[in-house]
2 protein chains.
Amino acid sequence: MAKTSVWRSIANALTAEIAAGHYRPGDKLPTEAELASRFGVNRHTVRRALQDMQEQGLTHARRGAGVFVLAEPTDYPIGKRVRFHQNLEAAGRMPAKRILTLQTRPCDKEEAGALQIAAGTPVHVYEGLSLADNIAIAIFRSVFSAERFPGLLGDLDHMKSVTRALAAAGVKDYTRASTRLTAKLATATQALHLNVAEGAPILRTVGINVDPDGCPVEYGHTWFVGDRITLVVEG
Amino acid sequence: MAKTSVWRSIANALTAEIAAGHYRPGDKLPTEAELASRFGVNRHTVRRALQDMQEQGLTHARRGAGVFVLAEPTDYPIGKRVRFHQNLEAAGRMPAKRILTLQTRPCDKEEAGALQIAAGTPVHVYEGLSLADNIAIAIFRSVFSAERFPGLLGDLDHMKSVTRALAAAGVKDYTRASTRLTAKLATATQALHLNVAEGAPILRTVGINVDPDGCPVEYGHTWFVGDRITLVVEG
DNA sequence: AGCTATTTGTCCGTATGTATG
DNA sequence: ACATACATACGGACAAATAGC
């Protein structure tokens, strides 16, 4: 059990209050002095917490004015002409893959919506690390319907390939229906696995793969190390 | 001219020394106390600089051991099957565009290589801000050959559209030949324009647009606000 | 316009905790 | 066990930008 520092717990408390809607985007947070008084700490301890939140893009400080909550992230549609067909296995450049977790659990609402299944339905979750030249390149998480693919977990375990495991389950081909790209900052857990600093730039892709009938088969997240990686896309 | 703080100049000095190869990846930097003595500042001022470098993924501190230089960034090719056809004008969702700079200057080596022209050849540089709902979405920079498009600057100025300006110059259609995606951290200038915190996550795309003959016509960079937007790509 | 109080930014100094070697 | 080195927290002081009068 890691003892959490005071500034980190303050950052968590303020983040939770923003998430709960206590402070809305555009709102001004209490002054550093007020927060220091409220939490019973020195102003610098509050500053450290606010700095952390600012690095995560949650807040923004304006000297002389105050600390303000930034706007909620909004999606930005590029349009139908945009195509981003991503298939890491097809790249032929994935020398190593390390399995972090393989488990079956009830899906949450987001996963249910992506896979078009009922919430709470069991799903297989495959989390792992992609390495190239023994350097961590990305963390990925793939979610599949456990009802549709009963034996997928065992196939993934020894095949270590989503494509081949799906092929064994009868899905000969699948295509990327949609991909969303965002830049994020590395969390502590991600930083640990990817061997980067906490707060390092991360390129996150969220995608849905569908079979030839258009039925979703995989809901995948990938977190690439931003500064260590450039996705080179040739059309 | 903005007065740079002491910790920032220290961070710049150390970053330059790493870039110059004075410290190689894996090397241990001098201790905070030694650096404080060398720069004639308090240890906390050095810490602020080291923290900034760590956030950028340049260094990593291990308590009790020291501060170490991380590995150099490397490119990561995905492969030829990957397609990412991006055209912001085709999205139909770019309500506002603000011109930051319009100028003609000699191109550098990188631009020369991308546009397949000789180094030092004059190029038109179009820098601007993309806004949606009066919120800054991205900074872009487009570079064109000035010899091939003599009157482009004026067209860009009043059309405010790359597509229409190129059409006026005889390029009826152009396609994205390649795009490279990277996650970055916002620089001070970018943070200012995009109204985000310095160090906020930035999604950078670097692309080359070619005419139907395959000849490069535009070399473009775009810096999206990572947390404020998600690139939604539908295939 | 100026002026003033407020608020964040920077820098210093000190002390103590915690992990490393 | 010990010295070293980074992590955290406290305190004070002044500068710089902002907001309100």
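All chains are named by letter (A, B, ...) in the order of the sequence lines, taking the proteins before the strands, and each is independently numbered beginning at 1.
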- Query: Got a second to check how far A/Leu129's CG is from A/Phe140's CZ, nearest 0.5 Å?
  - Reply: 8.0 Å

- Indicate yes or no for a side-chain donor-acceptor contact from A/Asp157 to the backbone of A/Leu153 under 3.5 Å, with no hydrogens or angles considered. no

- A/Trp223 and A/His221 aromatic ring geometry - parallel, tilted or perpendicular at 30°/60° bounds: parallel

- Query: Atom CG of B/Leu152 and atom OG1 of B/Thr104: how far apart are they, to the nearest 0.5 Å?
  - Reply: 9.0 Å

- Item | Integer-rounded Å distance: D/dA17 P and A/His60 NE2 | 14 Å

- If we only count heavy atoms from C-beta on, is the B/Leu50 to B/Leu29 side-chain gap below 4.5 Å? yes

- Task: Mind calculating the distance between CD (A/Glu32) and C1' (D/dT18) to the nearest angstrom?
- Result: 14 Å

- Item | Between C/dT20 (P) and B/Lys28 (NZ): distance, integer Å | 15 Å

- Query: Hey, is the main chain of B/Phe149 close enough, under 3.5 Å, to the side chain of B/His124 for a donor-acceptor pair?
  - Reply: yes

- Message: What I'd like to find out is whether the side chain of B/Ile208 reaches to under 4.5 Å of the side chain of B/Glu218, using heavy atoms alone.
- Response: no

All N/O contacts under 3.5 Å from nucleotides 8-10 of chain D to the protein, with atom names and distances to one decimal?
residue, atom, partner, partner atom, Å
D/dA9, OP1, A/Val6, N, 2.4
D/dA9, OP2, A/Trp7, N, 3.3
D/dA9, N6, B/His44, NE2, 2.9
D/dC10, OP2, A/Asn42, N, 2.9
D/dC10, OP2, A/Thr45, OG1, 2.2

- C/dC11 P sits how many Å from B/Leu50 CG, rounded? 14 Å

Can you check nucleotides 19-21 of chain D for protein contacts, nitrogen or oxygen pairs under 3.5 Å, and list what you find?
residue, atom, partner, partner atom, Å
D/dA19, OP1, A/Arg62, NH2, 2.7

- Message: With heavy-atom distances below 4.5 Å as the criterion, would you say the side chains of B/Thr187 and B/Leu192 are in contact?
- Response: no

- Passing option when A/Tyr219 is tested against A/Glu110, A/Glu111, A/Arg141 for side-chain hydrogen bond (donor to acceptor under 3.5 Å, both in side chains): A/Glu110

- Query: For the helix from C/dG2-D/dC21 to C/dG21-D/dC2, what angle lies between the axis at the first five pairs and the axis at the last five pairs, to 10 degrees?
  - Reply: 20°

- Message: Are A/Thr59 and A/Tyr23 packed together at the side-chain level, in the sense that at least one heavy-atom pair is separated by less than 4.5 angstrom?
- Response: no

